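Let me begin by presenting the structure, written as structure tokens, before commenting on it.
Just so we're clear, the structure is a prediction, and the values are computed from it rather than from any experiment. This chain uses plain numbering: 1 for the first residue, then up along the sequence. Just follow the structure's listing: the first ligand is 1, and inside any ligand the first atom is 1.
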Amino acid sequence: MNNKIIIINGPNLNLLGEREQSQYGSITFNQLKENCLKKGKEMGLDVEFFQSNIEGELVNIIQNARETFDGMIINAAGFTHTSVSIRDALDLFKKPIIELHLSNIYKREDFRHKSLISGVVTGGIFGLGAEGYILAIISLHKTLQNENR
Ligand code: DQA
């Protein structure tokens, strides 16, 4: 059965609800997590929701996910724009990956316009706020269902 997905969140996303509400909305990290787990359950997916502020921890989680998970949604947050190591780890995950950003990174400062991970993911969603996570879950569900056929 192809139904295990992991949602990985990078630095500072634990402070959603508190940080820059104009960019990220008022949803808290716990509310976001609950919404994602609820949507996953509804769709028959086994969802793990993870957050870390530490680059190496994110690399470890992505490496270990190769064995356990069928798909991944990742908001690498600030590391999107800086981390070759996270990109390299993602490149080793040979299953569907959706890159996610709450904000529209192309409407913001120049340094956010470059994503080091876009070149190794299946597709991406940005600028749709917390709803983007739900859309990513629906999309991954569809992809995994097609793989199960
Ligand atoms: C973000 C965008 C990044 O540029 C930023 O560093 C974040 C969050 C987003 O979800 O919009 O922390 O990934």
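Between Y106 and H113, the angle of the ring planes lies from 30° to 60°, which puts this pair in the tilted group. The aromatic rings of H81 and H101 lie parallel to each other, with less than 30° between the two planes, well short of the 60° mark.
Looking at heavy atoms from C-beta onward, M72 lies in side-chain contact with I62 at the 4.5 angstrom threshold.
At distances below 3.5 Å, not a single donor-acceptor pair connects side-chain atoms of Q23 with backbone N or O atoms of E20. The backbone N or O of V47 lies less than 3.5 Å from no partner atom in the side chain of K4, so there is not a single donor-acceptor pair.
When every heavy atom of L100 is checked against every heavy atom of A136, the shortest pair comes out as CD2-CB, 4.2 Å.
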Starting from the N and O atoms of ligand 1, find every protein N or O within less than 3.5 Å and list the pair with its distance.
{"from": "ligand 1", "atom 1": "4 (O)", "to": "H81", "atom 2": "NE2", "distance (Å)": "2.7"}
{"from": "ligand 1", "atom 1": "4 (O)", "to": "R112", "atom 2": "NH1", "distance (Å)": "2.9"}
{"from": "ligand 1", "atom 1": "6 (O)", "to": "G78", "atom 2": "N", "distance (Å)": "3.2"}
{"from": "ligand 1", "atom 1": "6 (O)", "to": "R112", "atom 2": "NH1", "distance (Å)": "3.0"}
{"from": "ligand 1", "atom 1": "10 (O)", "to": "N75", "atom 2": "ND2", "distance (Å)": "2.8"}
{"from": "ligand 1", "atom 1": "10 (O)", "to": "L102", "atom 2": "N", "distance (Å)": "2.8"}
{"from": "ligand 1", "atom 1": "11 (O)", "to": "L102", "atom 2": "N", "distance (Å)": "3.2"}
{"from": "ligand 1", "atom 1": "11 (O)", "to": "S103", "atom 2": "N", "distance (Å)": "2.8"}
{"from": "ligand 1", "atom 1": "11 (O)", "to": "S103", "atom 2": "OG", "distance (Å)": "2.6"}
{"from": "ligand 1", "atom 1": "12 (O)", "to": "R19", "atom 2": "NH1", "distance (Å)": "3.2"}
{"from": "ligand 1", "atom 1": "12 (O)", "to": "R19", "atom 2": "NH2", "distance (Å)": "3.2"}
{"from": "ligand 1", "atom 1": "13 (O)", "to": "N75", "atom 2": "OD1", "distance (Å)": "2.7"}
{"from": "ligand 1", "atom 1": "13 (O)", "to": "H101", "atom 2": "ND1", "distance (Å)": "2.8"}

